[in-house]
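Below is one structure; the comments refer to it alone.
The sequence lines fix the lettering, A, B, ..., with proteins before strands; numbering per chain opens at 1. All figures in this text were calculated on a predicted structure; none of them were measured in a lab.
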Amino acid sequence: MKHLSETVLDVRNQFPIFDHPLPKGQPVTFLDTAASAQKPQTVIDREREVCERYYANAYRGVYRFGAMVDEELEASREAVRKLLGAESRDELAFTAGATMSLNVIANGWGRRHLQPGDEILLSVLEHHANFVPWQQVVAATGAKLRFIPLTPAGELDLSDPELFNNRTRIVAVTGMSNVLGTLPPLAELSQRAHAVGAILVVDAAQSLPHGPIDVVATGIDFLACSGHKLYGPTGVGILYGRKELLAETDPLIFGGHMIDQVHQDHSTWADPPARFEAGTLPIVQAIALRPALEFMESVGYEAMHAHELELTQAAHAQLAEIPGIQIYGPPPERKGSIVSFTMEGAAAEDIAHLLDRKGVFVRHGHHCTMPLHTWLGVPATVRASFGVYNNLDDVQRLADALRYVRQRLKLDT
Amino acid sequence: MKHLSETVLDVRNQFPIFDHPLPKGQPVTFLDTAASAQKPQTVIDREREVCERYYANAYRGVYRFGAMVDEELEASREAVRKLLGAESRDELAFTAGATMSLNVIANGWGRRHLQPGDEILLSVLEHHANFVPWQQVVAATGAKLRFIPLTPAGELDLSDPELFNNRTRIVAVTGMSNVLGTLPPLAELSQRAHAVGAILVVDAAQSLPHGPIDVVATGIDFLACSGHKLYGPTGVGILYGRKELLAETDPLIFGGHMIDQVHQDHSTWADPPARFEAGTLPIVQAIALRPALEFMESVGYEAMHAHELELTQAAHAQLAEIPGIQIYGPPPERKGSIVSFTMEGAAAEDIAHLLDRKGVFVRHGHHCTMPLHTWLGVPATVRASFGVYNNLDDVQRLADALRYVRQRLKLDT
Amino acid sequence: MNTVGLCTRAAFDQTQGACTLAATELMTLDELYEEFDFLPDWEDRCDFLIDLGMELPKLSSDEKIEPNRVHGCQSMVWLVTELDDSGDEPVLRVRANSDAMIVNGLIAVLLAIYDGKTPREVLDADAAEIFKRLELDRHLSSQRKNGLSGMVTRLRQLAAAAIVDLDQQAN
Amino acid sequence: MNTVGLCTRAAFDQTQGACTLAATELMTLDELYEEFDFLPDWEDRCDFLIDLGMELPKLSSDEKIEPNRVHGCQSMVWLVTELDDSGDEPVLRVRANSDAMIVNGLIAVLLAIYDGKTPREVLDADAAEIFKRLELDRHLSSQRKNGLSGMVTRLRQLAAAAIVDLDQQAN
Ligand SMILES: Cc1ncc(COP(=O)(O)O)c(C=O)c1O
Ligand SMILES: Cc1ncc(COP(=O)(O)O)c(C=O)c1O
């Protein structure tokens, strides 16, 4: 078994969750990072620091704590801007999460601009968060959903010339499938979308945790992501929108801070990003997003990618040796660090349950992608997903635990 | 100057924010609790504990950490249920905050049930969060807003027999004004609303931090509040809806967890509360809401009320001695612990700025209640609001600092 | 009915090691209680449930169809019921299957509560209390609880409908 | 113009304690820089801004009307501009008032940048750079910054419109 570099060990040591073994003495084998990532100490400490040293509501008070909070929030917004290569901080709003961001985009831009007969192009990979909101918009506007089909390997099949046509107004795709790990070709999608006058919306909830995306270079018009998948806190997300587009996006949530003037009979809205930040922000969480991004930067995106690829390759290799396992999606070199599989004769729920006994934490089910599972032809899959803190021992423990599953369910007898 | 009881000192000691003086050695005189409350150590520690010991996404994994998170979330939901006297945990959804909760109510129930000509009854006191969403619903449905006027003291004037009529469908009022401290008579409003077949929506963002509300005994149909005003974390709020009403409420945000089935052409929704919990919850914050409620319970609501009343009375008495100050709203005995005022010849912004120099943190502006400020006839007020950790020294420092303001702005020369 | 026997500790003890329960006997509630009390921790109980589940009578493939699906579970669940009036009193016959063995184990618990009971008995049974007694309420994920309570609701609805029907026939 | 004089350190020093600046003189940018460099910390600078603000020329009450309001500030702000072509070149005359003295102080800074400048100079002025030089960017709340940048935008729009008008007249 290969030994991990010192760097990787250092990285893992920054996550206090791994400091304590499970009650039976097993190490924590956390393989559910795609659902939500563990938090490095700096993130946890920053949240505490805000609460203990200078907490106040944001954008409201001129007093010292208020000013400090505002400054920290803007520093965090700036860190996100840099990560995305956005042109201005005003293009970035803090939201409750990727789901909220996508709902704002679908409702705020989609409803306002779509006409009956217009088309929204989605992929079959989409998470419900980038699917159901569009379904609602379609029902309200008379626009239509069209789907980019998948190749047998679960990659986007863009060969149909009808996909992008002069009715296409919006192309909304995931940056990385949360089940197959598929990485849609965003730059190509952007080109083809823009060529027919459509905008490109990217659900970066899964992709951003594995590397920065340059929204300008890639040609992305709207983007959504969640803090908790970026090694940051729960309760905070990001909405990016190109300046001109955000300006013509309606707010979805109404209340304090997002208004300009409120009269008894009508109201006017503040400029972006405030327009999309109604009510009290997830202040502490938005501030602690910055150390999360700093953590990722300190690891280095190339090192991160190399490490995660190594783990994914190892998992593919080890799982291939276990009878009855089928892995879905592209080969490791063409996907993110997610390995979704089934085991013949074993229900996903039993697998997840039995792995848990061995301290191996994976997720099972449809992973909020029912249409994709319909396409896969299975009701549920088991998903092992790797973060920067995982190591080859984790992969080994996954494989060992899967052998135990076969034994416990008497699949080899 | 009266000395504070040991208990009050104990309470204050639970808030680490007061452990460190400001850079010039001044104590922190935090008088902006109505905007957001400081957090007791138990809340801060619980957030850390979740992240360090058993963090995972919620309602998704069967593995140990997932199960622990689910259990803690349900324990938190149960704590809220008890606080509100709700009949079932299923009547309570975690949201991003009071603003989000009110938007869900207005959109999800209002849009679905309102007909042209129907009336929504609001008070002039309402925060934009309980005002602008209804304005939007009215624009979409053809219903009308009607306003409960105020008495000169800023209390609800319910004398007009036309207020409640057979077109009234919704009565939506604050449990406590965030500017005047006014406490609308919720039980009476409930009776009169129900008598004409209307429902009662209560914006409890300000009232709940000062005492529990029994939704069943009071006859409240929907209720909204925010964690961060309840001595809890930012980023989490509560939506309460009576079972039958929640069942006929449409979701506002679409995505993972809130669905039952997703097909390519349509979707169906999960039952409440999941229907209103799309995407990843503010997990850590929702869990840490429980120690916040436990903290309030440990202080005791009667003790809390007595203490806050003493502070409010002292503030009224001390401010009365300062020339040019006008306090708005009812007398201390008939309101919550909020003191909003103006000082003749001094702009609210200057007052807030100069108080900050003395370490006295107050808020100024329209406090997200432009219609109320139109009624008051002033563009802005200064608001000092008290929490359970404040003491009479804070009141004294406020008065001293206000004298300094007069001096600095040369108002006495 | 082509039922595979379930080996309980009681039966196991009696025969010193070999399972001899008749093939048509499902576990009773009392046997379940006894078994659970005997098992020291939750993992052992799960193991027992999995064993129960692996021996649960199977549904035929034409019974595993969409109309028989119970939604809201993490795994696939099919539920088939009929009112059996061949005896003195009409009783509800319940059969169910999941692709997950742990769920089949829980189904075995449900069958112990509801299968072969009169509609009135079905309505009177306090499933919540039984789950509590078995500590299932404490240890099941809320998702699983939702799935289970979906099945319970379905069975109670059937029983209620049967009572109405039977009353009408009696008039 | 009925301008109240602003007492600067430079003027103050010259007269050893009494402010003697002519009543029509507003502060120049260079004087502002000098003053700020001299003042040790932010609070002193704020005090200076407040003093400036308390002496800012007042608008008349019929100028404090809704069309002159600048929104997006925490306090009330009214802005009155005119193109003064009485001199060699047309210049922008700017007057503004807030009910808050600290805001009036910031207005004095804006006047130092923009008042009496040709439309072209107005467009060329780099307000962001000047705010940075004065460290206003670091110390102002984002709300105040928004308010200020609202005013800056308005002045630049006026200047741009004036340039278009003047060019048209020239043709
Ligand atoms: C009366 C009232 N309602 C609603 C809100 C909105 O709460 P939040 O900003 O936490 O969503 C507030 C807080 O500012 C309030 O005071
Ligand atoms: C691809 C994708 N999109 C969107 C989401 C939704 O993110 P959140 O639940 O944080 O709102 C997720 C996470 O589950 C995801 O994997």
Contact class of [X] relative to chain A, heavy atoms under 4.5 angstrom:
X        : answer
B:Ile283 : both
B:Gln264 : both
B:Val104 : neither
B:Ser267 : both
B:His257 : backbone
B:Ala37  : backbone
B:Tyr54  : backbone
B:Phe15  : neither
B:Asp19  : neither
B:Trp269 : side chain
B:Leu252 : both

Output the distance between atom [atom1] ([X]) and atom [atom2] ([Y]), rounded to the nearest 0.5 Å.
X        : Y        : atom1 : atom2 : value
A:Phe254 : B:Gln135 : CZ    : CD    : 9.5 Å
A:Arg48  : B:Ile44  : CZ    : CD1   : 6.5 Å
A:Thr234 : B:Glu47  : OG1   : CD    : 8.0 Å
B:Thr99  : A:Met258 : OG1   : CE    : 10.0 Å
B:Met370 : A:Asp260 : CE    : CG    : 6.5 Å
A:Tyr55  : B:Asp32  : OH    : CG    : 9.5 Å

* Asked: Yes or no on side-chain contact (heavy atoms from CB on, under 4.5 Å) for B:Asn57 and A:Arg363, after CA distance, side-chain angles and deciding distance?
  -> CA-CA 10 Å; B:Asn57 209 323; A:Arg363 205 178 139 195; 5.8 Å; no
Checking heavy atoms, do the side chain of [X], its backbone, both or neither come under 4.5 Å from chain B?
X        : value
A:Val43  : neither
A:Asn103 : side chain
A:Glu52  : both
A:Asn130 : neither
A:Gln261 : both
A:His263 : backbone

* From CA spacing to verdict: side-chain contact (heavy atoms from CB on, under 4.5 Å), A:Leu22, B:Phe65 -> CA-CA 10 Å; A:Leu22 296 168; B:Phe65 289 178; 3.8 Å; yes
Top residue by heavy-atom pair count (under 4.5 Å) with chain B, among [options]?
options                               : result
A:Ile17, A:Val132, A:Asn107, A:Asp356 : A:Ile17
A:Lys39, A:His364, A:Arg357, A:Gln285 : A:Gln285
A:His228, A:Gln41, A:His366           : A:His228
A:Cys51, A:Gly97, A:Ser226            : A:Cys51

* To do: Could you check whether the rings of B:Phe30 and A:Tyr63 sit parallel, tilted or perpendicular, using 30° and 60° as the cut-offs?
  => perpendicular
